[in-house]
Amino acid sequence: MNLKHFVVAALSIVAMNSYAAYPDKSIKFLVPWPPGGATDQVARLLVQPLTKELGVSVFVENKGGAGGNIGTQAFVQDKPDGYSILMATSSTNAAGPHLFSNQGFDATKDFTPVILVCTIPNIMVVPASSPWNSLKDLMSDAKQNPGKFTYGSAGIGASQHLAGAQFKTDTGLDIRHVPYKGSGPAALDLMAGHIDMMLDTGSLNNIKAGKLKALAVASDKRIPELPNVPTLKESGVPMVANAWYGVMLPANAPKDITDKLNAAFNKVLKDPEVRKSLQAIGAQVDGGTVAEFTKFSQSEIKRYEGIVKMSGAPKE
């Protein structure tokens, strides 16, 4: 065997050993939002079955702030070795580039897409104590009291912010935006009555518990979990707004590790119990190949340029 063949053979053995060895220690699943919101809920539903599938501990680490940008900025500095994975969202990885002059990362270059996990529609929710029992009630009151009412969000660029801005544009209502450091804190203030409404993706459990009232769903059709709640379109507002959640690694992650994670997530997402748990929070379960998510995530950056522009949300 000449030197060239020896080197090729040695590199092949190293690559095979790398694939076989991964993973051999705990994996951090970074959620760039505080606990309690939809992104956190999705990630936490996946860690236990993923731990079982990969044979090592997978744990959630929350690092919120600045509309998901602080945690994501930290994530792109991690080694692309598969031991730090990100729950990316349409907020940070598609809308963000059009909402922030400097996100601290490049959505087109700083990530290795792994898999699209799910999408969740926004739901117009109000406190359980609210006098509004329909979207018509809310719109009538807001029209008569311009500037009086507020809507919350997980922060600038979050799905709640964009959906709220789009709602304002489509209805012509004067309602004020109150950004939080995550949808969990925003939901707590909403339930306490400190803000008046929110178009949220993570409120289904609080709706079922009677802590919030759902007035309308921002989807094409009614969702099975809330069959008696009309869509925004049915309520006279022709808009659809949802958020997607997917797994990414830092840029230049090895293909073998990316493929192994993709296979593990696909297997987990096909598990009936996992699907049932995700659907219980209003999610449409996806999955698929690395190539499909790569194409999708890149196309979403372009698509959200129009969504942000249409929403009227200002650039920070």
Side-chain angles (χ1 to χ4, degrees), residues 12 14-32 38-61 68 71-72 75-76 78-94 105-120 242-279 281 283-301:
S12 298
V14 169
M16 286 189 293
N17 286 341
S18 170
Y19 180 83
Y22 176 82
D24 61 2
K25 62 180 181 180
S26 297
I27 296 173
K28 176 181 69 179
F29 201 168
L30 182 69
V31 173
T39 314
D40 182 65
Q41 291 177 45
V42 171
R44 290 182 188 278
L45 287 173
L46 297 175
V47 289
Q48 187 173 347
L50 196 61
T51 292
K52 182 178 179 181
E53 178 63 27
L54 291 172
V56 298
S57 174
V58 181
F59 64 95
V60 169
E61 180 178 299
T72 308
F75 170 80
V76 298
D78 287 343
K79 293 180 180 179
D81 57 5
Y83 292 102
S84 178
I85 62 178
L86 174 74
M87 180 55 81
T89 70
S90 47
S91 298
T92 49
N93 289 69
F105 56 88
D106 188 326
T108 63
K109 298 177 181 179
D110 289 342
F111 303 90
T112 302
V114 176
I115 193 168
L116 178 63
V117 173
C118 64
T119 55
I120 304 178
N242 57 30
W244 58 256
Y245 305 83
V247 178
M248 293 191 178
L249 293 168
N252 304 314
K255 184 178 183 300
D256 58 350
I257 289 175
T258 304
D259 288 344
K260 190 164 187 176
L261 279 172
N262 175 270
F265 272 100
N266 265 313
K267 192 168 181 179
V268 164
L269 291 174
K270 289 176 182 176
D271 182 279
E273 290 302 313
V274 174
R275 295 182 72 87
K276 184 178 179 181
S277 296
L278 286 168
Q279 288 164 354
I281 63 170
Q284 175 186 319
V285 184
D286 291 290
T289 67
V290 171
E292 287 169 342
F293 185 39
T294 300
K295 183 178 180 180
F296 172 81
S297 60
Q298 294 300 314
S299 68
E300 284 290 276
I301 296 172

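Considering every non-hydrogen atom in both Ala38 and Ile120, the closest pair reads CB-CD1, 4.4 Å. Taking every heavy atom of both residues into account, Pro80 and Ala251 meet most closely at CB-O, 3.3 Å. Taking each heavy atom of Ala43 and Val60 in turn, the nearest pair found is CB-CG2, 4.1 Å. Across all their heavy atoms, Leu86 and Pro32 have their closest contact at CD1-CD, 3.9 Å. The two residues Leu54 and Pro23 have their closest heavy-atom pair at O-CG, 3.9 Å. For Val247 against Phe293, the heavy-atom pair with the smallest separation is O-CE2, 3.4 Å.
Residue Leu116 holds its CG atom at 10.5 Å from OG1 of Thr289, rounded to the nearest 0.5 Å. Of the inter-residue distances, the one linking Asn93 atom CG with Met87 atom CE reads 11.5 Å to the nearest 0.5 angstrom. Here the straight-line distance linking atom CD of Gln41 with atom CG of Leu278 works out to 10.5 Å at 0.5 Å rounding. If you take CG on Asp286 and CG on Asn266, they are separated by 10.5 Å, rounding to the nearest 0.5 Å.
When side chains are defined from C-beta on, Asn242 does not count as touching Gln284, because their heavy atoms never get closer than 4.5 Å. Inter-residue side-chain proximity for Lys28 and Phe59 is flagged as met; some heavy-atom pair is nearer than 4.5 Å. Between Ile85 and Leu249, the closest side-chain pair of non-hydrogen atoms falls below 4.5 Å.
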Chi angles and distances behind the side chain to side chain contact (heavy atoms under 4.5 Å, CB included) call for Tyr22, Ile27
CA-CA 10 Å; Tyr22 176 82; Ile27 296 173; 3.6 Å; yes
Could you pull out every donor-acceptor pair under 3.5 Å between side chains of residues 44-52 and any protein atom, sequence neighbours left out?
from: Arg44; atom 1: NE; to: Asp40; atom 2: OD1; distance (Å): 2.8
from: Arg44; atom 1: NE; to: Asp40; atom 2: OD2; distance (Å): 3.0
from: Arg44; atom 1: NH2; to: Asp40; atom 2: OD1; distance (Å): 3.4
from: Arg44; atom 1: NH2; to: Asn62; atom 2: OD1; distance (Å): 2.8
from: Thr51; atom 1: OG1; to: Val47; atom 2: O; distance (Å): 2.8
from: Thr51; atom 1: OG1; to: Val58; atom 2: N; distance (Å): 3.0

Which side-chain N or O atoms in residues 267-275 pair as donor and acceptor under 3.5 Å with protein atoms at least two apart or in another chain?
from: Asp271; atom 1: OD1; to: Glu273; atom 2: N; distance (Å): 2.9
from: Asp271; atom 1: OD1; to: Val274; atom 2: N; distance (Å): 3.1
from: Arg275; atom 1: NH1; to: Leu269; atom 2: O; distance (Å): 3.1

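In this structure a side-chain-to-backbone donor-acceptor pair under 3.5 Å is present from Thr112 to Ala253. Of the possible polar contacts, none joining the Asp110 side chain to the Pro250 backbone as a donor-acceptor pair under 3.5 Å is found.
Listed by chain and number, the residues in a ring pair (Phe, Tyr, Trp, His ring centres under 6.0 Å) with Phe111 are Phe105 (sequence neighbours excluded). Thr108 pairs by the side chain to side chain contact (heavy atoms under 4.5 Å, CB included) definition with Asp106, Gln298, Ile301, not counting sequence neighbours. Considering only residues two or more places apart in sequence or on other chains, Thr92 meets the side chain to side chain donor-acceptor pair (under 3.5 Å) condition with Thr89. Shown here are the ring pair (Phe, Tyr, Trp, His ring centres under 6.0 Å) partners of Tyr245, two or more places apart in sequence or in another chain: there are none.
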